[in-house]
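What you see is a predicted model, and the numbers here were worked out from it, not measured in a lab.
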2 protein chains.
Amino acid sequence: MLSQTEENYLKALFYLTSENADKSEAGTNELAATLNVKPATANDMLKKLKEKKLVNYERYGKISLTNSGKKQAIDIVRKHRLWETFLYEKLEFTWDEVHEVAEQLEHIHSPKLIEKLEKFLNYPEFDPHGDAIPNAKGELKVQARKTLSEMAVGKTCKLIAVKDNSASFLQYVMKVGLGLSSKIKVISRQDFDGTLEIEVNGKKSVVSQKFADNLFVV
Amino acid sequence: MLSQTEENYLKALFYLTSENADKSEAGTNELAATLNVKPATANDMLKKLKEKKLVNYERYGKISLTNSGKKQAIDIVRKHRLWETFLYEKLEFTWDEVHEVAEQLEHIHSPKLIEKLEKFLNYPEFDPHGDAIPNAKGELKVQARKTLSEMAVGKTCKLIAVKDNSASFLQYVMKVGLGLSSKIKVISRQDFDGTLEIEVNGKKSVVSQKFADNLFVV
DNA sequence: ATATTTTGTTAGGTTAATCTAACTTTATAT
DNA sequence: ATATAAAGTTAGATTAACCTAACAAAATAT
């Protein structure tokens with residue numbers, strides 16, 4: 001069984017090697033920085049994980065996860081996202097509070113627990129951040145949810161959910177004339193700070209990137 | 001912040017020093033045996049916990065928890081029992097499955113999580129084993145509960161809790177056909193060793209005093 | 001009252017995960 | 001094309017939690 005530390009290295013490698021489609025390998029320093037350890041420490045662990053056949057690694061070479069390593073990493077991500085969903089849906093944590101606690105909960109070892117938790121949550125597809133939750137086989141059937149801030153200028157989209165549930169944010173959302181299923185047209189974007197000009201039911205508004213980050217759209 | 005290991009030592013000491021009213025101190029070997037470590041290991045840890053003012057300890061002397069140590073121990077017990085309740089009530093774990101997973105969950109550090117979990121469970125008073133759950137202030141209303149071994153021959157009683165929650169004991173309990181709220185009739189007692197003949201749902205069994213000592217009834 | 005057993009302690013060693021400092025290899029820039 | 005910078009590695013220490021083996025103190029049994 002893997003230690004929490006080993007699990008964290010696998011998870012970090014998973015994220016580093018799947019940030020973009022074009023990137024599937026990572027470096028020692030990069031990994032070390034992600035985990036807030038020194039490169040020497042990461043280097044030791046890489047040797048250990050190579051020994052356990054969880055990473056592909058050669059001296060001075062790039063690092064990637066083996067199939068086995070990837071499988072384990074995805075399982076940790078799955079646990080993390082299910083716990084985040086639990087905290088958000090059942091315990092009324094706000095979306096920005098869930099991550100920290102899930103970082104701990106993801107290391108609980110009990111397949112039965114995760115199976116039952118997933119059932120209890122009614123097999124959710126997305127976590128509170130809009131990221132897709134892998135199923136028990138490690139398959140990701142859906143894409144992560146898009147936020148308004150990712151929409152191209154000129155496109156029209158539909159609001160399907162909000163990330164933040166705070167009163168202040170929701171009041172702001174209403175003030176802009178938005179509700180679930182509202183059609184939103186992106187009129188322009190400021191490259192400098194991501195500020196958007198949008199149109200909802202014929203009403204134009206200017207909103208910050210931070211605001212747009214909190215709206216899930218299709 | 002305490003490590004999981006330190007927390008486990010405090011918890012073990014809490015149980016060892018509060019098993020009976022007459023016993024409020026424990027020994028090194030006893031503690032080591034409880035935690036499945038060697039006495040030398042426990043001895044090292046005792047020095048460390050003394051340094052942190054969590055235990056009262058002098059060379060060759062008996063061990064007890066300080067107020068601070070006791071407070072922390074109770075908090076771990078509280079978390080353990082709340083998690084057991086969650087697993088049992090919400091995730092449909094059976095009462096003999098909850099302990100093992102709660103042993104992991106009790107070490108999650110997040111006051112907010114426990115606060116919200118307790119609220120979600122509607123401030124339960126007892127865990128699935130019938131043990132009282134300390135409140136956020138560490139207060140525990142201990143009620144004098146009879147054990148099956150104290151019941152008079154011919155009387156019928158109801159199982160409300162178990163004292164021991166090791167897997168082997170719990171499996172034995174189930175084998176005899178017992179569950180929470182089971183009606184138990186005491187048919188006979190051997191004066192020599194306290195062995196009891198009991199009847200549960202029409203099924204007769206012979207159980208040891210040690211076994212009966214671990215069942216709380218009303 | 002003393003020998004024996006039980007209990008507790010110490011010294012010294014191991015492993016996992018971390019560090020610093022020095023070194024080597026690879027990449028970059030002129 | 002080679003000097004410099006960046007990235008990666010190694011060696012040697014440290015800390016927490018564990019171990020074994022040897023020893024010391026306390027309890028017990030005759």
ask   = Given the side-chain rings of A:Phe86 and A:Phe93, with only the six-membered ring counted for Trp, is the space between their centroids under 6.0 Å?
value = no
B:Tyr57 six-ring centre to B:Lys47 NZ/CZ under 6.0 Å and within 45° of normal = no
B:Lys90 to B:Phe120, cation-pi by 6.0 Å centre distance and 45° axis angle = yes
Polar pairs (N or O, both sides) under 3.5 Å between protein and nucleotides 18-24 of chain C?
from   : atom 1 : to      : atom 2 : distance (Å)
C:dT18 : OP2    : A:Tyr9  : OH     : 3.3
C:dC19 : OP2    : A:Lys38 : N      : 2.9
C:dC19 : OP2    : A:Thr41 : OG1    : 2.5

Could you state the atom-to-atom distance from [atom1] of [X] to [atom2] of [N] in whole Å?
| X | N | atom1 | atom2 | result |
| --- | --- | --- | --- | --- |
| A:Leu35 | C:dA16 | CG | P | 18 Å |
| B:Met1 | D:dA16 | CE | P | 14 Å |
| A:Lys50 | D:dT9 | NZ | P | 11 Å |
| A:Tyr57 | D:dA7 | OH | P | 16 Å |
| B:Leu2 | D:dT15 | CG | C1' | 17 Å |
| B:Lys47 | D:dT15 | NZ | C1' | 16 Å |
| A:Glu25 | C:dA27 | CD | C1' | 16 Å |
| A:Lys62 | C:dA27 | NZ | C1' | 10 Å |

Test item: [X] side-chain N/O and [Y] main-chain N/O as donor-acceptor pair under 3.5 Å:
| X | Y | value |
| --- | --- | --- |
| B:Lys50 | B:Asn56 | no |
| B:Glu30 | B:Gly27 | yes |
| B:Arg81 | B:Phe126 | no |

message = Can you tell me which nucleotide in D:dA7, C:dT7, C:dT9 comes closest to the side chain of B:Asn29?
response = C:dT7
Under 4.0 angstrom between B:Asn43 side-chain N/O and C:dT9 OP1 or OP2 = yes
ask   = D:dA16 phosphate, OP1 or OP2: any side-chain N/O from B:Ser3 under 4.0 angstrom?
value = no
